[in-house]
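Worksheet: the structure to be examined is printed underneath.
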Amino acid sequence: MGFNTEAATYFDRMAQMLELTGADRFRVNAHAKAARVLGDITTDLGPLAKDGDTKALTELDGIGKGTASKLIELAQSGTIEEHDELVSKVPQGLMDVLQVQGLGPKTVKLMWDEKGVESIADLKKIIEDGSILELPRMGQKTVDNIKASIEFMESSGSRLHIGVAQYVADWFVKLLENTKGTKRVAYAGSLRRGKETIGDVDILIATSDPDAARDAFTNGDHVTQILANGETKCSIRFSTGLDSGRWGGDEGSMGVQVDLRLIDESSWGAALMYFTGSKEHNVRLRERALSMGLTLNEYGLYKEDKDDDTPPQQRGEKPVAAKTEESIYTKLKLPYIEPTLREDRGEMDLTEAPDLVTVDDIKAELHSHTTSSDGKMELEETATIAKKRGFHTLAITDHSRSSAVANGLSEERLRQQIKYIKAFNKGFDGIEVLCGSEVDILVDGSLDYDDDLLHELQVVVASPHAGLRAKPKDATKRLLKAIQHPLVHIIGHPTGRLIERRPGLEPDMDELIAAAIEHDVALEINAHWMRLDLRDTHVRAAVEAGCKIAIDCDVHHPDDYDNLRFGVLTGQRGWLTKDLCVNTWSKAKLHTWLKSKR
Ligand code: DGT
Ligand code: CA
Ligand code: CA
Ligand code: ZN
């Protein structure tokens with residue numbers, strides 16, 4: 001993560017804590033504004049701050065002297081004193097309470113001041129004994145909503161979003177790659193399999209200097225606790241120090257567990273395979289090995305010796321295969337099975353590797369926002385990034401008029417934007433920029449613009465944004481109506497879920513998939529790691545039926561293009577092949593499909 005994001009997170013938290021401690025409006029707003037500004041700035045302020053360049057910093061829009069000096073403090077010392085002081089005043093359990101959907105800082109402060117609530121547990125108590133109703137403006141309906149939000153948060157447990165786990169894993173892999181003696185290092189476990197949430201991060205290393213690896217691993221900047229420090233396994237807790245809402249909640253403050261396993265290079269493939277899992281896949285592999293007169297463990301694949309119980313690696317037995325995963329799969333007479341498929345969901349029956357979609361195959365982004373609605377980039381900036389990524393097509397799909405909080409475009413503004421984009425596209429080489437819209441699917445299933453206007457758009461992404469607590473039956477009806485609309489290309493984040501935060505709609509997926517095929521509509525995998533919507537199992541059902549899928553980053557910010565990897569992993573977990581993923585198509589093929597709906 002960049003310095004700007006880190007700094008924005010600090011300011012966000014400071015604003016929240018200031019509000020909780022009853023600081024004056026002006027100070028709270030100043031910090032909140034700084035967080036917003038930092039989140040929006042697209043040049044990296046890290047180097048300027050490190051150099052203590054107050055002048056250059058304050059020349060930027062929205063950054064005053066006060067903010068600049070805190071940025072410099074953060075870059076140079078790694079923290080901000082004002083932040084740390086607030087942390088000592090505000091019970092950190094209260095920050096968890098802030099994460100409950102539907103609770104703002106004002107209400108949380110009231111609960112703290114008047115009811116002594118300092119944690120989710122305290123909040124549950126005042127709900128249970130009914131005393132929460134004594135708070136001003138608190139009705140039974142609000143309480144029921146708060147209760148449901150807590151239940152949802154708790155039932156989804158304390159797993160990490162893949163976006164956070166990936167950040168932690170990349171950080172450690174880089175650290176260890178630069179450590180003396182390292183021969184190989186990689187992450188394994190559920191993260192390598194691309195699951196949407198991760199229990200802990202598993203890292204493997206082969207090194208000629210185990211002490212150096214252990215030292216680097218356990219003495220890292222953000223290590224808060226050492227759980228184990230042994231010959232073959234170390235285990236630590238790591239705090240990202242980044243636990244605001246934009247990181248999806250309380251992960252940073254709880255700490256992330258990271259396991260490091262020290263592996264012999266000669267058994268790298270076997271170990272990588274074992275620690276990548278899943279457990280269920282490993283069980284299937286071992287069964288298969290046994291049926292072939294072989295035994296498989298984390299050291300290698302060996303000939304079975306029925307008369308000797310000693311593990312083969314201890315007998316000094318030479319493995320049949322161990323160095324690479326590929327060699328082991330080959331000896332087991334299987335095609336190479338991608339980590340994303342290793343879930344015991346039928347992958348053992350594969351006779352050849354499926355032509356799964358990869359990040360490099362993606363050539364088009366069909367869902368992106370600009371400053372015209374709630375995006376942070378002007379058209380030219382986002383088009384330049386998309387072009388640099390080697391995309392042939394970028395669709396601009398700002399929000400429609402009903403998304404008022406997202407500054408949705410009125411019909412008139414959209415008409416102007418269409419003209420503007422067309423003119424821009426004429427003068428901008430190397431990528432085709434298309435006019436589109438992310439049109440709200442209203443609660444009754446109708447779309448937010450009339451057909452004449454939709455007809456002028458080259459790409460229509462129709463998405464549900466409000467009314468996400470609807471009954472499954474109503475959700476199905478609503479989404480079906482949008483799919484049947486002849487001018488719609490893609491259904492954006494079809495369920496509207498937020499992972500670990502909000503369940504979203506629960507429509508009958510099979511019905512939606514059948515209708516999408518009939519009406520030649522693509523269902524989206526929204527690649528943001530908070531969404532991943534469709535989810536892997538939905539993708540699998542869609543792929544099996546032959547439904548088109550779009551993988552889109554729902555770009556608001558330059559960093560969002562990097563979320564593509566998570567969308568692709570989710571697609572792979574749904575066995576998504578290139579042919580069904582519209583973003584992999586050639587320009588001619590994609591544009592022909594888009595035009596077929598006009
Ligand atoms: P997570 O961390 O809950 O998201 O899921 P995983 O799959 O990363 O599980 P984890 O961290 O417990 O272990 C990593 C892999 O190591 C797991 O996928 C398979 C392998 N593994 C770990 N412990 C065992 C075990 O007791 N038996 C077997 N068969 N495999 C294990
Ligand atoms: Ca794990
Ligand atoms: Ca683990
Ligand atoms: Zn949306």
Side-chain angles (χ1 to χ4, degrees), residues 156-162 164-166 168-169 172 186-204 227 232-233 235 238 251 256-261 263 270-287 289 295-298 339-344 366-369 373-375 395 397-400 402-403 405-408 436-441 448 460-468 482 490-500 502 504-505 524-528 530-533 550 552-556 560 573:
S156 44
S158 59
R159 295 175 63 81
L160 296 166
H161 289 98
I162 187 171
V164 179
Q166 185 76 60
V168 173
F172 274 105
Y187 59 83
S190 50
L191 178 61
R192 184 159 178 250
R193 302 200 310 279
K195 277 188 74 165
E196 63 192 38
T197 63
I198 275 70
D200 66 5
V201 175
D202 303 283
I203 295 181
L204 306 188
L227 304 167
T232 58
K233 182 183 170 185
S235 201
F238 177 91
E251 281 127 348
V256 179
Q257 185 176 325
V258 188
D259 293 343
L260 178 72
R261 316 234 174 209
I263 306 296
L272 189 58
M273 192 175 209
Y274 180 88
F275 290 111
T276 295
S278 67
K279 255 176 214 166
E280 293 74 16
H281 179 76
N282 289 352
V283 168
R284 292 280 161 267
L285 288 177
R286 282 199 297 273
E287 285 172 0
T295 59
L296 176 66
N297 62 26
E298 65 211 89
T340 41
L341 302 187
R342 300 181 194 172
E343 297 290 348
D344 191 22
L366 300 174
H367 182 172
S368 74
H369 300 267
S373 62
D374 61 347
T397 58
D398 276 307
H399 286 285
S400 63
S402 288
S403 281
V405 274
N407 191 23
S437 173
E438 182 184 14
V439 188
D440 266 43
I441 304 174
D448 201 16
V460 171
V461 178
S463 314
H465 285 114
L468 297 176
I490 296 170
I491 303 295
H493 48 72
T495 75
R497 73 152 173 175
L498 293 178
I499 297 171
E500 308 257 292
R502 174 172 87 196
L505 299 172
E524 181 183 78
I525 300 174
N526 192 293
H528 196 288
M530 287 289 286
R531 291 192 182 272
L532 297 173
D533 177 14
D552 284 316
C553 293
D554 193 351
V555 176
H556 286 77
D560 291 345
R573 291 177 60 81

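One-based numbering, in listed order, for ligands and for the atoms of each.
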Worksheet entry | Option set S190, G189, G277, P339, criterion heavy-atom distance to atom 18 (O) of ligand 1, minimum | G277
Worksheet entry | Close aromatic pair by centroid cut-off 6.0 Å: H465 and H399 | yes
Worksheet item: Is the Ca ion (ligand 2) under 3.0 Å from any N, O or S atom of D202?
Response: yes
Discussion item. As a check for students: among K195, K279, M273, R342, identify the option with a heavy atom nearest to atom 26 (O) of ligand 1.
Written reply: K279
Response to the item:
For R286, the salt bridge (Lys or Arg N to Asp or Glu O under 4.0 Å) test, sequence neighbours excluded, returns none
Worksheet, complete the sentence: Logged contact type for T276 with ligand 1, heavy-atom cut-off 4.0 Å, is backbone
Practice prompt. Answer yes when R497 and D533 have at least one side-chain N-carboxylate O distance shorter than 4.0 Å, and no when they do not.
Written response: no
Practice prompt. Answer with yes or no whether the side chains of D440 and S402 bring together a donor and an acceptor at under 3.5 Å.
Written response: no
Worksheet item: Between T397 (side chain) and S368 (backbone), is there a donor-acceptor pair under 3.5 Å?
Response: yes
Worksheet item: Between atom CG of L272 and atom CG of D202, what is the distance when rounded to the nearest 0.5 Å?
Response: 11.0 Å
Worksheet item: For the Zn ion (ligand 4), which protein N/O/S atoms are closer than 2.8 Å?
Response: E438 OE2, H465 NE2, H493 NE2
Worksheet entry | Under 4.0 Å to a heavy atom of G199 - the qualifying atoms of ligand 1, by number | 1 (P), 2 (O), 3 (O), 4 (O)
Practice prompt. Would you give the length of the straight line joining atom CD1 of I162 to atom CD1 of I198, rounded to the nearest 0.5 angstrom?
Written response: 4.5 Å
Discussion item. Looking at H367 and E438, would you say the former's side chain and the latter's main chain have a donor-acceptor pair under 3.5 Å?
Written reply: no
Fill in: Selection from V201, D202, L160, I162 by shortest heavy-atom distance to atom 13 (O) of ligand 1
D202
Worksheet item: In ligand 1, which numbered atoms sit nearer than 4.0 Å to a non-hydrogen atom of I198?
Response: 4 (O)
Fill in: Enumerated ligand 1 atoms positioned under 4.0 Å from heavy atoms of F275
14 (C), 15 (C), 16 (O)
Practice prompt. Check each of R159, R193, R286 against atom 7 (O) of ligand 1 and report the one with the nearest heavy atom.
Written response: R193
Discussion item. For H556 and D374, which I'm curious about, is there any donor-acceptor pair between the side chains at under 3.5 Å?
Written reply: yes
Worksheet item: Is the shortest side-chain N to carboxylate O distance from E524 to R531 below 4.0 Å?
Response: no
Worksheet item: Got a salt bridge between R159 and E500, using NZ or NE/NH1/NH2 to carboxylate O under 4.0 Å?
Response: no
Worksheet entry | N282 neighbourhood, listing ligand 1 atoms whose heavy-atom distance to it stays under 4.0 Å | 19 (C)
Fill in: Which N, O or S atom of D200 lies nearest to the Ca ion (ligand 2), by name
OD1
